[in-house]
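To keep things clear, I will list the structure first and then write my remarks on it.
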2 protein chains.
Amino acid sequence: MTEEEFLKSYKPNDYPSLLLTVDSVLFTVENQSLKILLLKRANHPSKGLWSLPGGFIDTENDATTEETALRKIREKTKVTPPYLEQLQTFSSADRDPRGWSATVTYFALIAHQETETRLTNDTQWVALDNLSTLQPLAFDHQQIIKVALKRLRQKSLYSMLPIFCLPKEFTLGEYHQLMEIILNKMIQKKSLYRRFKASEMFEETGKTVATGARAAVLYRLKTDVELINFERNLG
Amino acid sequence: MTEEEFLKSYKPNDYPSLLLTVDSVLFTVENQSLKILLLKRANHPSKGLWSLPGGFIDTENDATTEETALRKIREKTKVTPPYLEQLQTFSSADRDPRGWSATVTYFALIAHQETETRLTNDTQWVALDNLSTLQPLAFDHQQIIKVALKRLRQKSLYSMLPIFCLPKEFTLGEYHQLMEIILNKMIQKKSLYRRFKASEMFEETGKTVATGARAAVLYRLKTDVELINFERNLG
DNA sequence: AGAATAGTGTCTGTGAGACAATATCTG
DNA sequence: CAGATATTGTCTCACAGACACTATTCT
């Protein structure tokens with residue numbers, strides 16, 4: 001049998017079906033808190049519980065799971081996050097009552113300013129500190145969030161990843177505050193600014209912003225720069 | 001409708017099916033080369049091409065994709081690798097001619113001594129340097145290997161991960177050589193030995209092994225130790 | 001003893017941590 | 001000018017890189 005003949009005789013439905021979904025942990029920092037986007041499930045299973053934005057793959061229109069993740073995030077926020085990275089795939093026979101299932105998860109960052117007044121009604125930014133008040137979460141989403149948070153924190157120690165939570169123009173002070181919120185501990189400004197400069201990823205806008213005292217310089221990302229990794233961790 | 005009623009009426013086959021597989025990149029070092037386990041495909045599609053060990057999930061017996069990965073590796077090598085970690089999920093509408101598909105990939109490490117004379121006939125350790133002679137590989141396995149290699153090298157810079165390519169008892173010299181092969185560059189013995197000691201993961205066996213000159217001390221992993229991450233990268 | 005390989009001493013360089021010092025705003 | 005916040009200077013410390021040196025085993 002040639003490969004062509006094989007493919008002609010191949011019937012996908014002869015094989016046991018399983019569930020494959022895509023879910024995203026979208027982070028932002030707002031009002032001194034690290035928050036994630038959650039939405040209230042409208043349908044069974046786990047109807048009424050809070051869950052991560054995600055859903056089934058549309059095999060006609062999504063070329064990859066990354067496109068599914070982006071499509072679902074755009075549906076809920078109306079915008080495309082500037083950073084999206086695959087996290088991990090969670091699978092098990094019993095994480096979904098409908099049967100054996102797997103979910104390919106992504107984690108994403110966005111500036112909350114980008115999403116303001118654009119969220120759909122079933123959607124909400126939830127501070128990680130308040131997560132316990134929304135328990136239980138749908139499926140194994142609690143665990144997915146935990147893994148995503150761990151990855152975000154780890155990467156923040158050796159890269160400038162958190163800048164994707166900042167608006168287009170920002171000050172060093174804002175970046176410093178952001179890092180302290182994400183890592184939940186005090187960070188030396190000097191260490192951070194050294195890296196900021198060494199990364200060569202940013203340029204001054206020429207503008208400054210006043211805060212009641214000495215004005216702070218506004219920076220922006222240079223065009224077409226890549227996120228670089230440092231060889232040592234902070235903290 | 002209650003969740004119970006919903007589940008009763010839920011028919012998996014009402015939904016478009018897609019392919020979900022699991023593939024593993026199993027690394028070892030043998031004869032001064034970094035090698036991976038490949039096998040010649042016996043069936044369509046890509047019959048006759050070299051591919052990674054893997055296959056479909058057996059939803060009756062595999063609780064998770066990790067179990068699928070281990071089952072497939074065991075089938076081919078008769079042993080369980082001491083290190084297995086999820087790599088990434090690759091998906092696309094056209095990576096498999098049978099239709100939209102995704103593969104959850106793992107990367108694993110093992111000492112080649114463990115697998116000697118136990119490999120099935122369709123299976124072979126292939127040096128990464130010789131991969132080009134086996135082109136093309138099935139599906140997108142070439143790219144998967146590339147990503148796995150990158151991860152292995154990156155992790156080797158800040159952890160003792162490569163020790164899982166060594167036999168139960170080994171010398172510092174063997175570890176040093178192993179690192180140089182994986183990273184494909186010269187590594188300072190002193191730096192490596194400092195970390196080895198600082199990790200506190202190992203203990204002397206009391207035995208030594210002669211190599212024609214001064215005998216080298218044999219070490220082994222302590223029981224129940226965790227792989228720790230260093231805060232700086234090597235070279 | 002001499003060759004060969006195992007393992008150590010020690011100096012230099014880099015970049016993070018600590019925190020003091022200086023600069024530049026506003027009122 | 002005083003107070004507040006932004007930004008820089010600079011010292012210390014940990015650890016990787018370099019490479020010379022010592023130790024141990026074999027013939």
Side-chain angles (χ1 to χ4, degrees), chain A residues 32 153-160 162 166 169-180 183-220 228-235, chain B residues 32 153-162 166 169-180 182-220 228-235:
Chain A
Q32 309 294 320
R153 286 190 168 151
Q154 186 57 31
K155 284 213 161 188
S156 297
L157 293 178
Y158 63 80
S159 75
M160 316 275 297
L166 292 171
E169 303 190 344
F170 60 91
T171 65
L172 284 176
E174 285 166 345
Y175 177 49
H176 178 238
Q177 215 176 52
L178 172 67
M179 284 289 273
E180 296 202 329
L183 296 172
N184 194 30
K185 68 170 177 177
M186 212 255 220
I187 297 293
Q188 291 287 333
K189 271 194 278 189
K190 183 70 191 189
S191 304
L192 210 60
Y193 296 1
R194 254 192 303 242
R195 287 182 159 204
F196 186 85
K197 195 167 186 191
S199 76
E200 296 188 306
M201 291 172 60
F202 308 93
E203 59 193 4
E204 299 190 8
T205 60
K207 288 178 279 186
T208 58
V209 63
T211 58
R214 175 173 170 179
V217 173
L218 276 170
Y219 291 88
R220 65 168 161 252
I228 61 148
N229 291 338
F230 297 97
E231 301 213 327
R232 298 192 195 179
N233 285 354
L234 282 181
Chain B
Q32 308 293 319
R153 286 190 168 150
Q154 186 58 32
K155 284 213 161 188
S156 298
L157 293 179
Y158 63 79
S159 76
M160 317 274 296
L161 191 59
L166 292 172
E169 302 190 344
F170 60 91
T171 66
L172 284 175
E174 285 166 345
Y175 177 50
H176 180 237
Q177 217 176 52
L178 172 69
M179 283 290 273
E180 295 201 330
I182 288 175
L183 295 171
N184 193 31
K185 68 169 178 178
M186 211 256 220
I187 297 293
Q188 291 287 333
K189 268 193 289 185
K190 183 70 189 186
S191 304
L192 209 59
Y193 295 2
R194 254 192 302 240
R195 286 183 160 205
F196 186 85
K197 197 167 184 193
S199 77
E200 296 188 306
M201 291 172 61
F202 308 93
E203 59 192 4
E204 298 190 10
T205 59
K207 290 179 278 186
T208 58
V209 64
T211 59
R214 174 173 172 179
V217 173
L218 276 171
Y219 292 87
R220 66 167 162 253
I228 61 149
N229 291 339
F230 297 98
E231 301 215 326
R232 297 193 195 178
N233 285 354
L234 283 181

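In what follows, every heavy atom counts, from backbone to side chain, and hydrogens, waters and symmetry copies are set aside. Every chain is numbered from 1 and lettered A, B, ... according to where its sequence line falls, protein lines coming before strand lines.
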B:E180 (side chain) donor-acceptor with B:Q177 (main chain) under 3.5 angstrom: no

With sequence neighbours left out, write down each residue that passes side chain to side chain contact (heavy atoms under 4.5 Å, CB included) with A:S191, or none if nothing qualifies. A:Q188, A:R194, A:L234

What's the shortest heavy-atom distance between A:N184 and A:R153, and which atoms? CB-NH2, 3.9 Å

Within residues 191-213 of chain B, residues whose heavy atoms come under 4.0 Å of DNA chain D: B:S191, B:R194, B:R195, B:G212, B:A213

Using a 4.0 Å cut-off to any heavy atom of chain A, which nucleotides of DNA chain D are the first and last in contact, reading 5' to 3'? D:dA4 to D:dT10

Side-chain donor-acceptor pairs under 3.5 Å in residues 199-206 of chain A, sequence neighbours left out?
residue: A:S199; atom: OG; partner: A:F196; partner atom: O; Å: 2.8
residue: A:S199; atom: OG; partner: A:M201; partner atom: N; Å: 3.2
residue: A:E203; atom: OE2; partner: A:R220; partner atom: NE; Å: 3.0
residue: A:T205; atom: OG1; partner: A:K207; partner atom: N; Å: 3.1
residue: A:T205; atom: OG1; partner: A:L218; partner atom: O; Å: 3.0

What's the spacing between B:I182 CD1 and B:K155 NZ if we round to 0.5 Å? 13.5 Å

If the condition is salt bridge (Lys or Arg N to Asp or Glu O under 4.0 Å), which residues does A:K189 pass it with, not counting sequence neighbours? none

Among residues 228-235 of chain A, which contact DNA chain C at a heavy-atom distance under 4.0 Å? A:R232, A:L234, A:G235

Where each residue is assigned the nucleotide of DNA chain C containing its nearest heavy atom, which of A:K190 and B:Y219 is assigned the position nearer the 5′ end? B:Y219

Angle separating the five-pair end axes of the helix from C:dA1-D:dT27 to C:dG27-D:dC1, nearest 10°, is 10°

Rounding to 0.5 Å, atoms NZ (A:K190) and NE2 (A:H176) come to a distance of 13.0 Å

What distance do A:L178 atom CG and A:L172 atom CG have between them, rounded to the nearest 0.5 Å? 12.0 Å

Sorted by chain and number, sequence neighbours left out, salt bridge (Lys or Arg N to Asp or Glu O under 4.0 Å) with B:K197 holds for none

Output all residues satisfying side chain to side chain contact (heavy atoms under 4.5 Å, CB included) with B:N233, sequence neighbours left out; order by chain, then residue number. A:E231, B:Q154, B:L157, B:Y158

Closest non-hydrogen atom pair, A:Y175 against A:P162: CE1-CB, 4.4 Å

Which residues satisfy the side chain to side chain contact (heavy atoms under 4.5 Å, CB included) test with A:A215, sequence neighbours excluded? A:T208

Bounded by its outermost nucleotides with an atom under 4.0 Å from a heavy atom of chain A, the footprint on DNA chain C reads C:dT14 to C:dT26

